[in-house]
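For reference, the structure is listed below as structure tokens.
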Amino acid sequence: IATPTDVIKVRMQAKATQGVAGGFLTVGKDIYIREGIKGLWRGVLPTAQRAALVAGVQLPVYDLVKEKICRSNLITDSVVCHMVSSMTAGLTAAAASNPCDVVRTRIMVQRKYIKQNPSTQSLVLYRSAVHCALHTIKTEGVIALYKGFVPSFARMGPWNVIFFIAYEKLKLIK
């Protein structure tokens, strides 16, 4: 549902608005006019994949790490245990989802109408998320899929701490 706003935000951040001056609505309208409704949904597949990876990694990792810490008797089931578990969950979620983030961003920045411009023949146009990922690995190496990892973890780590500590406190309410 949020993909159109993400596409607009990514294009504005990357200054990939092709000279369109204005704010959020102006850029959104330009994408719609030049690329149609599909332009606003560019990157929806890697966005969904990323969301699935984050949810599929951070919740089980949190539970596993918390269980291991509590069993080891190093730390009791306390806020410190929840912080360590949630930061670990955030780290693994960032590691798992960063390749999808890179692919998603590259696809969102790319405009459809570039295909019709003959002066861009040397430009690689991604046909799919898989094509984008494979091209990125081939030309820049696997490490390129982890560009932006530190800011991603800097966002996910604290968010996870707040989320899981609140989650643990809410579980105590009966």
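Position 1 is the first residue of the sequence; numbering continues from there. Bear in mind that the values here come from a model prediction, so they are computed numbers and not experimental data.
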Examine [X] and [Y] and state if one hydrophobic cluster contains both, with Ile, Leu, Val, Met, Phe, Trp and Tyr joined whenever side-chain heavy atoms are less than 4.5 Å apart.
X    : Y    : result
V57  : V84  : yes
M108 : L25  : yes
V102 : I143 : no
I162 : V80  : no
L45  : Y126 : no

State which residues pass side chain to side chain contact (heavy atoms under 4.5 Å, CB included) with [X]; sequence neighbours excluded, sorted by chain then number.
X    : answer
A129 : P46, V103, I107
L64  : K68
W159 : Q58, F163
V65  : V61, I69, S85, T88

Working to the nearest 0.5 Å, report the span between [atom1] of [X] and [atom2] of [Y].
X    : Y    : atom1 : atom2 : answer
E35  : L40  : CD    : CG    : 8.0 Å
D77  : R71  : CG    : CZ    : 13.0 Å
T139 : L134 : OG1   : CG    : 10.5 Å
I137 : C132 : CD1   : SG    : 9.5 Å
N98  : F153 : CG    : CZ    : 12.0 Å

Can you run down the salt bridge (Lys or Arg N to Asp or Glu O under 4.0 Å) pairs that involve residues 148-164, sequence neighbours left out, and say none if there aren't any?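 Qualifying pairs: none.
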Please check if atom [atom1] in [X] has more than 12 non-hydrogen atoms from other residues, nucleotides or ligands closer than 6.0 Å.
X   : atom1 : result
F24 : CZ    : yes
I33 : CD1   : yes
M83 : CE    : no

Partners meeting salt bridge (charged side-chain N to carboxylate O under 4.0 Å, His left out) with [X] (sequence neighbours left out):
X    : answer
K171 : E168
K29  : none
E140 : R106, K147

Is it true that a side-chain atom of R42 and a backbone atom of V7 form a donor plus acceptor pair closer than 3.5 Å?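 Not at all, since once roles are kept as given, no pair shorter than 3.5 Å links the two residues.
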Examine distances only and state if a side-chain atom of S78 and a backbone atom of T76 form a donor-acceptor pair shorter than 3.5 Å.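 Yes.
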Compare all side-chain heavy atoms of L125 with those of H135 and state whether any distance is below 4.5 angstrom.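 Side-chain contact under 4.5 Å: no.
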Is any side-chain heavy atom of F149 less than 4.5 Å from a side-chain heavy atom of D101?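 Heavy-atom side-chain distance check fails, nothing below 4.5 Å.
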Quick one: ring-ring contact (aromatic ring centres under 6.0 Å, His included) pairs with a partner in residues 32-56, sequence neighbours left out?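 ring-ring contact (aromatic ring centres under 6.0 Å, His included) check on residues 32-56 returns no pairs.
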Sequence neighbours excluded - ring-ring contact (aromatic ring centres under 6.0 Å, His included) pairs with any residue from residues 60-82: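 For residues 60-82, and leaving out neighbouring residues, the ring-ring contact (aromatic ring centres under 6.0 Å, His included) pairs sorted by first residue read Y62-F164.
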Looking at every heavy atom in both V109 and R11, which two are closest together, and how far apart are they?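 What the structure gives for the nearest pair is O-NE, 3.5 Å.
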Over all atoms of both residues, closest heavy-atom pair of C81 and K66: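 For C81 and K66, the tightest heavy-atom pair comes out as SG-CG, 3.8 Å.
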Evaluation steps, side chain to side chain contact (heavy atoms under 4.5 Å, CB included), between K169 and V79: CA-CA 9 Å; K169 295 299 179 193; V79 172; 4.0 Å; yes
Please identify each residue that fulfils side-chain hydrogen bond (donor to acceptor under 3.5 Å, both in side chains) with D6, with sequence neighbours left out.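 D6 satisfies side-chain hydrogen bond (donor to acceptor under 3.5 Å, both in side chains) with R104 only.
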Evaluate L53 against C100 for side chain to side chain contact (heavy atoms under 4.5 Å, CB included), listing each step before the verdict. CA-CA 9 Å; L53 280 168; C100 286; 3.6 Å; yes
Should side-chain heavy atoms under 4.5 Å link Ile, Leu, Val, Met, Phe, Trp and Tyr, which residues sit in the same cluster as M156?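 Same cluster as M156: V54.
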So N160 and M87, side chain to side chain contact (heavy atoms under 4.5 Å, CB included) or not? Walk me through it. CA-CA 7 Å; N160 275 346; M87 287 299 280; over 6 Å; no
